[in-house]
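Keep in mind the model is a prediction, meaning the values are calculated, not measured.
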Amino acid sequence: MSLLKVSGLTKSFGGVRAVGDVSFEVGSGELLALIGPNGAGKSTCFNMLNGQLAPDAGSIEFQGRQVVGLKPRQVWRLGVGRTFQITATFSSMTVRENVQVALLSHRGGFTNLWRRARDQYVADADELLDRVGMKAQADRPCSVLAYGDLKRLELAVALANKPRLLLMDEPTAGMAPKERVALMALAAEIVKTDNIGVLFTEHDMDVVFAHASRIIVLNRGQLIAEGEPQAVRANEEVQRIYLGSRH
């Protein structure tokens, strides 16, 4: 059974159809790339998957359960993690404290008012930071981190609820080329070791073709191609509207 099954997903804003009748699936152990030119509907599609936007029509099933109508927090509690194009961390907190907050939220630790938040789940937070190569910076405030390190921290936060599905919106945006390669290699390793599914949007085609198991392509809200990287690369319509002569 697929982790995520999307059927007939549709969303309009005024008279503009941002996403129209889009269907796809994401399986365990799969790194699925969602690509397309600006305005293709990628962000709208992403925001419907985790409950930030309600679709006008269509179905979103996560592990066989319908999630349309659930709030983002409810979707997250079911086991769907999310990273954002612009990093969403608490700059006034340390690296470790950011992960501790995510762990407290997932495990209901905020109900224990007798223990200070910074004293809870220290070892678990450090374990997650170690996975993303950030343990050595655990005590540093987020405000002084390089952008690439913030992206790694955000990934650790997204893993705090032990997701079965991870949604990554432009995970390498703003990163240097070497940092992009390293982050996506890390994501691919997590997919393999944890047997989770990852759906990611990305503009860097080198990153997409190097790491994606499969690729789906949107254009003006429509799904125009899907398949393994080489098949998508060879698709004439994809080449015409998106890849051009660069690939």
Side-chain angles (χ1 to χ4, degrees), residues 1-7 9 22-36 42 45-46 48-51 59-67 70 75-85 99 102-103 106 124 127-134 151-172 175 179-218 223 225-235 238:
M1 183 175 66
S2 298
L3 278 175
L4 180 71
K5 184 177 181 180
V6 177
S7 304
L9 203 61
V22 169
S23 301
F24 61 89
E25 298 184 14
V26 183
S28 298
E30 183 173 39
L31 195 64
L32 178 63
L34 172 60
I35 67 172
K42 303 186 299 297
C45 186
F46 244 60
M48 286 188 284
L49 297 180
N50 81 321
S59 170
I60 304 170
E61 294 183 10
F62 174 62
Q63 297 189 124
R65 174 174 176 172
Q66 181 62 238
V67 298
L70 298 185
V75 176
W76 181 75
R77 285 197 173 278
L78 291 177
V80 179
R82 171 87 189 256
T83 67
F84 295 85
Q85 184 174 350
V99 181
L103 288 167
H106 173 55
D124 292 337
E127 182 179 348
L128 286 170
L129 290 172
D130 191 42
R131 290 197 74 181
V132 302
M134 288 291 293
K151 287 283 191 176
R152 286 178 174 269
L153 170 58
E154 189 180 37
L155 179 56
V157 169
L159 294 174
N161 68 329
K162 296 183 178 180
R164 299 302 310 145
L165 174 69
L166 182 59
L167 306 175
M168 303 179 73
D169 190 3
E170 297 284 351
T172 70
M175 300 179 75
E179 291 178 324
R180 294 178 185 176
V181 172
L183 183 68
M184 290 311 299
L186 175 59
E189 179 62 25
I190 291 170
V191 168
K192 181 179 178 181
T193 57
D194 293 7
N195 194 36
I196 68 172
V198 171
L199 174 66
F200 72 103
T201 64
E202 183 58 59
H203 278 104
D204 189 325
M205 290 299 97
D206 291 331
V207 168
V208 170
F209 286 107
H211 297 287
S213 310
R214 284 192 304 120
I215 300 172
I216 55 179
V217 187
L218 291 182
L223 182 62
E226 63 178 312
E228 295 182 353
Q230 291 307 314
V232 171
R233 189 195 295 267
N235 183 288
V238 174

(request) Indicate yes or no: at least one non-hydrogen side-chain atom of L32 is less than 4.5 angstrom from one of V198. (result) no
(message) I need the minimum non-hydrogen distance between S213 and P229, along with the two atoms involved.
(response) O-CD, 3.4 Å
(message) My understanding is that only one of E25, E61, Q63 makes a side chain to side chain donor-acceptor pair (under 3.5 Å) with S2; could you say which?
(response) E25
(message) What's the separation between atom CG in L31 and atom NZ in K192, rounded to the nearest 0.5 Å?
(response) 13.5 Å
(request) Look at the side chain of R152 and the backbone N and O of V132, then say whether any donor-acceptor pair between them is shorter than 3.5 Å. (result) yes
(request) Might you work through the side-chain contact (heavy atoms from CB on, under 4.5 Å) test for R65 and L78, ending with a clear yes or no? (result) CA-CA 10 Å; R65 174 174 176 172; L78 291 177; 3.3 Å; yes
(message) Please check this pair: side chain of R214 against backbone of E228, looking for a donor-acceptor N/O pair closer than 3.5 Å.
(response) no
(request) Locate the shortest heavy-atom distance separating V99 from A156; write the atom from each residue and the value. (result) CG2-CB, 4.2 Å
(request) For L155 and M168, work out which heavy atoms get closest and say how close. (result) CD1-CE, 4.3 Å
(request) Can you see which heavy atom on L183 is nearest to which on K151, and at what distance? (result) CD2-CB, 4.3 Å
(request) Could you tell me the separation between the CG atom of L70 and the CZ atom of R77, rounded to the nearest 0.5 Å? (result) 13.0 Å
(request) State the OG1-CG distance between T83 and L166, to the nearest 0.5 angstrom. (result) 6.0 Å
(message) Within the 4.5 Å heavy-atom criterion, are S28 and N195 side-chain neighbours or not?
(response) yes
(message) To the closest 0.5 Å, what do you measure between CD1 (I215) and NE2 (H211)?
(response) 12.0 Å
(request) Taking all heavy atoms of A160 and all of L103, pick out the closest pair and write down the distance. (result) O-CD2, 3.7 Å
(request) Please examine the side chains of F24 and L34, heavy atoms only from C-beta on, and report whether any two atoms are closer than 4.5 Å. (result) no
(message) Heavy-atom count check: over 12 atoms from other residues, nucleotides or ligands less than 6.0 Å from Q66 CD?
(response) yes
(request) Indicate the atoms forming the closest heavy-atom contact of G81 with P163, along with that distance. (result) N-CB, 3.5 Å
(message) Between F46 and T201, is there a side-chain heavy-atom distance shorter than 4.5 Å?
(response) yes
(message) We want to know whether D204 and T172 form a side-chain donor-acceptor pair, criterion being a heavy-atom distance below 3.5 angstrom.
(response) no
(request) State, with a plain yes or no, whether a side-chain heavy atom of V181 is found less than 4.5 Å away from one of V207. (result) no
(message) Can you tell me how far apart CG (L3) and CG (L199) are? Round to the nearest 0.5 Å.
(response) 11.5 Å
(request) Answer yes or no: is there a side-chain heavy-atom contact under 4.5 Å between E170 and F200? (result) no
(request) Rounded to the nearest 0.5 Å, what's the gap from OG on S59 to NZ on K5? Could you check? (result) 8.0 Å
(request) Would you please name every residue forming a side chain to side chain donor-acceptor pair (under 3.5 Å) with D124, sequence neighbours left out? (result) R107
(message) Strictly distance-based, threshold 3.5 Å: is any side-chain N or O of K42 a donor or acceptor partner for the main-chain N or O of G36?
(response) yes
(request) Report yes if the side chains of I196 and L165 come closer than 4.5 Å at any heavy-atom pair, otherwise no. (result) no
(message) Once side chain to side chain donor-acceptor pair (under 3.5 Å) is applied, do any residues pair with R131, and if so which ones, sequence neighbours excluded?
(response) T193, D194
(request) Look only at the side chain of N161 and the backbone of W76, and say whether a donor-acceptor pair between them is shorter than 3.5 Å. (result) yes
(message) Quick check: do I35 and L218 have side-chain heavy atoms less than 4.5 Å from each other?
(response) no
(message) List the residues meeting side chain to side chain donor-acceptor pair (under 3.5 Å) with E179, not counting sequence neighbours, and say none if there are none.
(response) none
(message) Determine whether V67 and V80 satisfy the following criterion, side-chain contact (heavy atoms from CB on, under 4.5 Å), listing intermediate values before the conclusion.
(response) CA-CA 11 Å; V67 298; V80 179; over 6 Å; no
